Amino acid sequence: MSVSVVVPIYNEEENVPLLFDQLHQVLSQSDREYELIFVDDGSTDSTGAELRKLAEKDSHVKVIEFRRNYGQTAAMHAGIQHASLDVIVTMDGDLQNDPTDIPMMLDKIDEGYDLVHGWRKNRQDAFVNRKLPSKIANWLISKVTKFPIHDLGCTLKAIRREIAQELELYGEMHRFIPILAHEHGARCVEVVTKHHARRFGETKYGIGRTTRVVLDLLTVSYMQNYFSSPMKLFGRLGIGCVLLSMVAGLSAVGMKLGAGVDMTGNPLFMLSVLSTILGGQFFSLGLIGEVNARIYYSNQEKQPYKVRELVNFNAANEFDPSVKIKRHAA
Ligand code: UDP
Ligand code: MG
């Protein structure tokens with residue numbers, strides 16, 4: 001199987017030539033066909049010039065240059081969409097990931113997995129503002145999404161191209177790639193990978209990313225559970241509100257009749273009115289969501305399911321070009 005290596009790069013001028021040497025060494029030794037796609041995410045140092053130099057001397061190197069800095073997720077998305085070989089390997093451009101892990105990960109793909117994600121078991125970063133928040137985040141994400149994972153932040157991954165290219169990566173979603181792929185039916189496996197301390201340049205993230213990750217987690221878990229049927233969430237909330245409104249309203253009436261408690265001064269009456277309104281809002285949100293889901297799927301000819309393989313179908317009947325067709329002899 002051939003390999004496209006995708007590397008998002010933002011201001012890593014010292015790292016680029018070294019990274020290329022490491023990748024070249026590993027990949028030229030294996031007999032797999034390969035390409036190296038470097039995405040220059042609007043670097044302001046000499047990263048762009050370094051990448052051009054590499055592309056001139058080695059035709060395996062391909063460079064995508066962004067007009068400005070769009071962020072790591074956008075850079076990975078661009079690299080993935082432009083990749084043309086069987087398996088996509090993503091990694092950081094700062095020498096923290098080790099290309100010597102790549103052959104082992106590709107072997108896993110050969111075994112039949114669709115996605116192999118790394119676990120930086122021996123992570124070489126600061127403890128308090130990097131490793132600790134990351135540990136907590138991984139634990140929380142794993143609990144919420146029910147996806148067993150130790151290290152979502154590890155960019156070193158190998159993914160079959162057809163699956164990588166159908167992932168919708170927006171915002172900071174690249175951290176959730178294994179979970180998104182798993183939702184698309186990918187067979188995932190985790191392997192322990194090496195990790196080195198940063199030698200050149202500096203990290204592009206601080207503690208501030210924790211809130212972004214938490215917000216993305218909300219989005220991901222909503223998409224996991226309710227994306228194609230939002231009424232299941234909002235309808236339930238609506239029903240809850242209606243029930244609460246009935247209980248509160250009846251109690252207010254009961255208190256008026258039984259004990260002469262003034263209805264307008266009774267907070268239960270207010271609660272009943274409030275939850276009637278809220279219930280109506282939730283039902284409306286659910287309906288809008290349902291309509292949106294239908295527009296989403298019909299507009300883009302998307303299906304809420306993924307087919308792994310078709311057996312004995314003609315290519316002409318095929319509804320999704322990424323699906324493999326297997327034909328038995330007549
Ligand atoms: N990166 C990028 N665009 C950005 C920020 C980062 O392409 O806006 C790249 C960066 O050059 C590196 C990778 O994404 O190759 C990971 O970034 P970094 O090493 O700063 O993250 P950390 O390892 O500290 O989590
Ligand atoms: Mg790094």
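Atoms within each ligand, like the ligands themselves, are counted from 1 in listed order. Just so you know, these numbers come straight off a predicted model, no measurement behind them. Below, each value reflects all heavy atoms present in this structure, side chains not excepted, and no hydrogens, waters or symmetry copies.
Cation-pi contact between R68 and Y10: absent, since separation from the ring centre below 6.0 Å together with deviation from the ring axis within 45° is not met.
Every atom of ligand 1 with a heavy atom of Q96 under 4.0 Å away is listed here by number and element: 19 (O), 23 (O). Taking a cut-off of under 4.0 Å to the non-hydrogen atoms of G93, the atoms of ligand 1 that pass are 12 (C), 15 (O).
The backbone and the side chain of T203 each have at least one atom closer than 4.0 Å to an atom of ligand 1 (non-hydrogen atoms only). With a heavy-atom cut-off of 4.0 Å, N69 touches ligand 1 through its side chain alone. Contacts between Q72 and ligand 1 below 4.0 angstrom, taking non-hydrogen atoms only, involve backbone and side chain alike.
At a 3.5 angstrom cut-off on N or O pairs, A75 does not count as close to ligand 1. Ligand 1 has no N or O atom lying under 3.5 Å from any N or O atom of E202, backbone or side chain.
Nearest protein neighbour of atom 17 (O) of ligand 1, counting heavy atoms only, is Y205 CE1, 3.9 Å. Shortest contact from atom 9 (C) of ligand 1 to any protein heavy atom: P8 O, 3.6 Å. At the shortest separation from atom 1 (N) of ligand 1 among protein heavy atoms lies Y10 CB, 3.8 Å. Among all non-hydrogen protein atoms, the one lying nearest atom 19 (O) of ligand 1 is D94 OD2, 2.5 Å. For atom 10 (C) of ligand 1, the closest non-hydrogen atom of the protein is E12 OE2, 3.3 Å. Residue, atom and distance of the protein heavy atom nearest to atom 13 (C) of ligand 1 are D92 OD1, 3.4 Å.
D125 has no carboxylate O lying under 4.0 Å from a charged side-chain N of K131, or vice versa, which leaves the two without a salt bridge. Contact check on D110 versus R32 returns a salt bridge, with a Lys/Arg side-chain nitrogen under 4.0 Å from an Asp/Glu carboxylate oxygen. The existence of a salt bridge linking E166 and R161 is excluded, since no basic side-chain nitrogen approaches an acidic carboxylate oxygen closer than 4.0 Å.
For the residues R120, K204, R130, M76, the heavy atom positioned nearest atom 22 (P) of ligand 1 is part of R130. Evaluated by nearest non-hydrogen atom to atom 3 (N) of ligand 1, the leading choice among L19, D41, N97, V16 is D41.
Remark: the N11 side chain and the T44 side chain contain an N/O donor-acceptor pair separated by less than 3.5 Å. Between the side chains of D92 and T155, at least one donor N or O lies within less than 3.5 Å of an accepting N or O. Side chain to side chain, E13 and T47 fail the donor-acceptor criterion of an N or O pair below 3.5 Å. Counting only N and O atoms by type, the side chains of T73 and E172 include no donor and acceptor under 3.5 Å apart. No side-chain donor from either of N138 and H150 sits under 3.5 Å from a side-chain acceptor of the other. Side-chain polar atoms of D94 and N15 form no donor-acceptor pair below 3.5 angstrom.
Close to ligand 1: R209, with a non-hydrogen atom less than 4.0 angstrom away. Using a 4.0 angstrom heavy-atom cutoff, R198 counts as in contact with ligand 1.
Put simply, Q96 gets within reach of the Mg ion (ligand 2), with an N, O or S atom under 2.8 Å from it. Here D94 reaches the Mg ion (ligand 2): one of its N/O/S atoms is less than 2.8 Å from the metal.
Taking the six-membered ring for Trp, F20 and F38 have ring centres at least 6.0 Å apart.
Using bins of under 30°, 30° to 60° and over 60° for the plane-to-plane angle, the ring pair Y222/F234 lands in the tilted bin.
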